[in-house]
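Structure first, then comments.
Chain letters run A, B, ... following the sequence lines, proteins first, then strands; residues in each count from 1.
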Amino acid sequence: MASRLQPQPAVRSGLVLLALAMTGCVTVYQPLVGLQRPIAVDPQAPNNFSATRVLVRCHPAEGVEPDVLCRNLRSSLSKQGAQVTTEVVRPSGKVSSSAQSEAAPQFVIDVTSKLVHQKDEPLLQLLNIVSLTLVPAISETTYGQEFRIRDAQGFVLAQQSFQERFVQSFGLGVWVLNGLIDLLIRPKSEQVTGDGYKEEFTRDLHGHLAQLLHNAKVRARVMNSFVTEPPPERKEPPP
Amino acid sequence: MRAAPLFMATLCGCVIDPLVFKSKAERRNLDCYRLPEAEAAARFPGQVPPPPAKEIAGPTTDVLVCSKRYLEPDERKARDEAILSSLSQQVNELTESAGALAPPGARWHVDAFYPSAPVAQKIAVAARTTLAERGLVVSDRVPLLAAGDVSVLAAMLPTEAYPTGCARAFATDVLSGDDVFLALMIVDPKETLLHGGLCVRGGWRWLP
């Protein structure tokens, strides 16, 4: 009689699969250093950097993908009117670059991104598995970025460091609970399920890069006694 | 039932991150930095438990130390907030450059040129304090040009106004040979970086 009440292995496996399929992540983003500061430029404006030639150089580091970072930054600056080329420095020291611009860059942005801190709770992960993800597995990751902007001669015009932290909770319980709160109580801007954290971080990082580049442009003008640079000489095609 | 995860987390020595229960605005209104656990325990006794002896000797974990900012977001204008939140760093860098260019034993005068008078005042006071802390002679008198000079300078571009004002101040004895004048300013409405210029014996120089 008792054995009849035990769920069949297939049913049990189905329940496990259903639980895993419904499981989701809740990720909370917190700007730690620099990113929570306000900015004065509008990073959505299409003419912030018109006629500005920029080289974005991304350096490798543990836990980050410099290719993706470089591509995203290029897209953001291009939307603001800049002519952007990118270079990804490989751990071996080799450099892979996007299409070369006709003229030399006016500004070189060196981006170093690194994994600052990572913490997982092994016991919570174990409980997460045992409880079919009802108990959340929590992991915490902190990344840092260093931006340094130089002019064509190598003079450092602006530099800033940023740090941000992501706390990720994985599990059915935390996901369902937060999903319900998002649905019923939280305004859209405060929702924690979904990819809102990525958008918020990207908005912060790209906004600060725009501000830093704007500051660098003004500083370059001051250092050159407010002399406006003549338009770049185009390379003549060979006859 | 809802307390079960919290109970289990506490039981296994993990701490549920209090950040999870904060709103987005509250999270953004914190200034945070990481400290080694041993140092955090020494600086915040009672709040951070001391790490086990084996961790002090070996690799240690970090503690995230956060403090709420004095002002709420949007209480000041974005540019003012951006400049004031990095004021000490910016002023330190500019006064260091200025100190290297000025003659020894000079008497320093400082003024800031910023659209908001209260913020300009804060910038000037920060620069005077930093120079005084370095043992330099700092005057709290701001050199004032005649009204006619000021109206002419106001119509000029920064590239001409500051050098002309500097030369004029020495020509009219507002500044003497022992005086140096440090000006801190912004020259673009959207920038959040202060610039500096130094006026020595009638000659103006932008600070690197």
Is the closest basic N to carboxylate O distance between Lys24(B) and Glu200(A) below 4.0 Å? yes
Can you check whether Lys190(B) reaches Val218(A) side chain to side chain, under 4.5 Å on heavy atoms? no
What pair of heavy atoms forms the shortest contact from Ala78(B) to Pro38(A), and how long is it? O-CG, 3.5 Å
Is it true that Glu164(A) and Arg27(B) have a side-chain N and a carboxylate O under 4.0 angstrom from each other? no
Atom OG in Ser23(B), atom CZ in Arg186(A): separation rounded to 0.5 Å? 10.0 Å
Main-chain N/O of Thr192(B) paired to Asn215(A) side chain as donor or acceptor, under 3.5 Å: yes
Which region of Leu32(A), side chain (C-beta onward) or backbone (N, CA, C, O), has a non-hydrogen atom less than 4.5 Å from a non-hydrogen atom of chain B, or is it both or neither? both
Side chain, backbone, both or neither: which part of Leu64(B) has a non-hydrogen atom closer than 4.5 Å to chain A? side chain
Salt bridge (charged side-chain N to carboxylate O under 4.0 Å, His left out) between Asp204(A) and Arg28(B): does it pass, once the steps are laid out? CA-CA 11 Å; Asp204(A) 282 348; Arg28(B) 297 186 75 86; 3.0 Å; yes
Nearest 0.5 Å, please: how far is CH2 in Trp206(B) from CZ in Arg221(A)? 10.0 Å
Report yes if some heavy atom in the side chain of Gln160(A) is under 4.5 Å from a heavy atom in the side chain of Ser86(B); otherwise report no. no
If I measure from the heavy atoms of chain B, does Leu212(A) come under 4.5 Å with its side chain, its backbone, both, or neither? neither
Please evaluate residues Cys32(B) and Gln163(A) with respect to the criterion side chain to side chain contact (heavy atoms under 4.5 Å, CB included), reporting the C-alpha separation (whole Å), side-chain torsions for both, the decisive distance (0.1 Å), and the verdict. CA-CA 9 Å; Cys32(B) 301; Gln163(A) 270 188 26; over 6 Å; no
Minimal heavy-atom distance between Leu193(B) and Leu157(A), with the atoms involved, is CD2-O, 4.2 Å
Gln159(A) CD: over 12 foreign heavy atoms closer than 6.0 Å: yes
Looking at Asp31(B) and Arg37(A), does any basic side-chain N land under 4.0 Å from a carboxylate oxygen? no
Heavy-atom cut-off 4.5 Å, strictly under: side chain, backbone, both or neither for Arg76(B) against chain A? neither
Atom group of Pro163(B) that falls short of 4.5 Å from chain A, counting heavy atoms: neither
Scanning both residues in full, the closest heavy-atom pair of Arg219(A) with Pro208(B) reads NH2-C, 2.8 Å
Could you state the interatomic distance from CD (Glu191(B)) to NZ (Lys217(A)), rounded to the nearest 0.5 Å? 12.5 Å
Intermediate values then yes/no, salt bridge (charged side-chain N to carboxylate O under 4.0 Å, His left out), Arg34(B) and Glu140(A): CA-CA 13 Å; Arg34(B) 291 199 166 277; Glu140(A) 179 196 327; 2.6 Å; yes
